[in-house]
Amino acid sequence: MAISLASLRRGGDTRPPRLLIYGVAGVGKTKLAADAPNPIFLQTEDGLGRIDAATFGLLRNFDAVMEALGSLYSEAHEFQTLVIDSLDWLEPLIWQHTAQQHNQRDIEAFGYGKGYQAAVDTWRTFLDAVNTLRDECGMGVLLIAHAEIRRFDSPETEPYDRYQPKLHKSAAALVQEHVDAVLFANYRISTLKSDVGFNKKVVRGVSGGDRLLHTIERPAFLAKNRFGLEDTLPLAWADLAAGIPFYAAATTAPGNPT
């Protein structure tokens, strides 16, 4: 298509969002995704438990993941949300596939760091397929990942630890650039200082059980969003969707409940 001034347009992005939701174990990431509009799960780990949701079953290699994505593109269906559960269990399948494509024993056999860089191309293949479902089939995308605590070398301060998605740094950077929001799920934590005698005090972490979704980066965790979400939300689909224009517009459309 020729580019000309006639092709200029205004307005924000009206396509469904791509969200990366990562967090501590058991906080409710999968349940949050299951509450999204008509989801279909691509499972690389057996994490659905008793949640009633459509799934292809456990996908044990990268080719099976791509076949599942292909079926959603080529076959008629009514699914509205693609859920990948989880990215960090998908990553070993990507490493395995990358090694096979390059006739290597495993991802480490490439030599120092080279295998993980080669795997970025496989990640791009996966993300391109996900984008196609979003752009051409109108599916929202939820990418679920676990969290890990990793040292962050800030150019402004001394290094410190923070929560990040549990992915190799090259893959994590690519996925974070790809999505519209990186959201961190955790319990509400407060600290309690106790006197244990002998002029010694111990600080303990205390959780009240509230589950939260953090949307803006802080020293303790990585996060971002392009929607102007509140800094912290309850870990519930209704609260998240209300702040995302694509879902908020659908909720308040004529004939839908407000």
Side-chain angles (χ1 to χ4, degrees), residues 18-25 27 29 42-47 58-70 82-134 141-186 214 216-226:
R18 299 161 300 182
L19 311 177
L20 168 59
I21 301 169
Y22 78 105
V24 300
V27 72
K29 303 178 295 293
L42 271 64
Q43 290 181 266
T44 55
E45 64 167 293
D46 191 11
L58 190 60
L59 304 175
R60 300 181 183 277
N61 56 65
F62 183 71
D63 287 339
V65 172
M66 295 305 293
E67 287 176 15
L69 293 173
L82 172 68
V83 182
I84 308 297
D85 191 7
S86 64
L87 284 189
D88 42 297
W89 282 62
L90 171 64
E91 187 165 55
L93 307 185
I94 286 179
W95 291 344
Q96 179 188 54
H97 179 82
T98 302
Q100 291 172 347
Q101 292 297 103
H102 290 81
N103 297 314
Q104 297 288 346
R105 181 184 70 255
D106 55 37
I107 201 70
E108 294 286 349
F110 286 78
Y112 182 74
K114 294 180 180 179
Y116 301 105
Q117 290 303 316
V120 169
D121 290 334
T122 309
W123 273 107
R124 290 187 188 279
T125 297
F126 164 75
L127 293 173
D128 285 346
V130 168
N131 269 339
T132 298
L133 288 176
R134 194 271 295 251
V141 177
L142 299 183
L143 308 175
I144 297 176
H146 297 89
E148 67 176 356
I149 299 173
R150 187 181 297 171
R151 170 174 155 148
F152 177 64
D153 294 312
S154 171
E156 298 179 319
T157 68
E158 293 295 319
Y160 56 87
D161 290 343
R162 70 174 182 177
Y163 285 106
Q164 299 184 51
K166 191 179 179 182
L167 296 170
H168 186 272
K169 61 182 181 180
S170 297
L174 179 64
V175 172
Q176 289 162 34
E177 292 172 2
H178 164 85
V179 297
D180 303 304
V182 178
L183 308 173
F184 174 58
N186 198 3
H214 302 283
I216 300 294
E217 184 167 337
R218 294 287 183 266
F221 50 80
L222 176 72
K224 74 165 192 178
N225 80 89
R226 298 171 180 166

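Keep in mind that what you see is a predicted model, and the values were worked out from it rather than measured. Start at 1 with the first residue, then count along the sequence.
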Just list the side-chain donor-acceptor pairs under 3.5 Å for residues 164-176, sequence neighbours left out, or say none.
residue : atom : partner : partner atom : Å
H168    : ND1  : S170    : N            : 3.2
S170    : OG   : Q117    : NE2          : 2.8
Q176    : NE2  : A172    : O            : 3.2

Exercise. How close do A118 and F110 get, heavy atom to heavy atom, and via which atoms?
Worked result: CB-CE2, 4.0 Å
Problem set entry | K29 (side chain) donor-acceptor with V24 (main chain) under 3.5 angstrom | yes
Problem set entry | L87 and L20: CA distance, side-chain angles, deciding distance, side-chain contact (heavy atoms from CB on, under 4.5 Å) verdict | CA-CA 9 Å; L87 284 189; L20 168 59; 3.9 Å; yes
For this session: Enter the distance from L133:CG to D128:CG here, rounded to the nearest 0.5 Å.
Result: 11.5 Å
For this session: Go through the structure and list residues passing side-chain hydrogen bond (donor to acceptor under 3.5 Å, both in side chains) with R162, not counting sequence neighbours.
Result: E217
Problem set entry | For the student: nearest non-hydrogen atoms of S86 and A145, plus distance | CB-CA, 4.4 Å
Problem set entry | Pairs satisfying side chain to side chain donor-acceptor pair (under 3.5 Å), at least one member in residues 89-102, at least two apart | T98-T122
Seminar exercise, completed: Rounded to the nearest 0.5 Å, the OG1 atom of T44 sits from the CG atom of L59 at a distance of 7.5 Å
Seminar exercise, completed: Sequence neighbours excluded, the answer for side-chain contact (heavy atoms from CB on, under 4.5 Å) partners of R151 is D153, P159, D161
Exercise. When rounded to the nearest 0.5 angstrom, what is the spacing between CZ in F126 and CG in L93?
Worked result: 10.5 Å
Exercise. Which residue pairs satisfy the salt bridge (Lys or Arg N to Asp or Glu O under 4.0 Å) criterion with at least one member in residues 100-109, sequence neighbours excluded?
Worked result: none
For this session: Answer whether the closest heavy-atom distance between the side chains of R124 and V120 falls below 4.5 Å.
Result: yes
Problem set entry | Point-to-point distance, once rounded to the nearest 0.5 Å, from CG of D85 to CD1 of I144 | 4.0 Å
Exercise. Considering only heavy atoms from C-beta outward, does the side chain of F184 approach that of L222 to under 4.5 Å?
Worked result: no
For this session: Taking the side chain as every heavy atom from C-beta outward, state whether L69 and L82 have any atom pair closer than 4.5 Å.
Result: yes
Exercise. CZ of R226: more than 12 outside heavy atoms within 6.0 angstrom?
Worked result: yes
Exercise. Once you round to the nearest 0.5 Å, how far does CD1 of I216 lie from CG of N225?
Worked result: 4.5 Å
Exercise. What residues, two or more places apart in sequence or in another chain, satisfy salt bridge (charged side-chain N to carboxylate O under 4.0 Å, His left out) together with E45?
Worked result: none
Problem set entry | Nearest heavy atoms of Y22 and A147, plus distance in Å | CD1-CB, 3.6 Å
Exercise. So with a 6.0 Å cut-off around OH of Y163, is the heavy-atom count from everything else above 12?
Worked result: no
Seminar exercise, completed: Output for pair (I94 CD1, N61 CG), nearest 0.5 Å, gives 12.0 Å
For this session: Identify the two heavy atoms, one from L183 and one from K224, that lie closest to each other, and give their separation to 0.1 Å.
Result: CD2-O, 4.1 Å
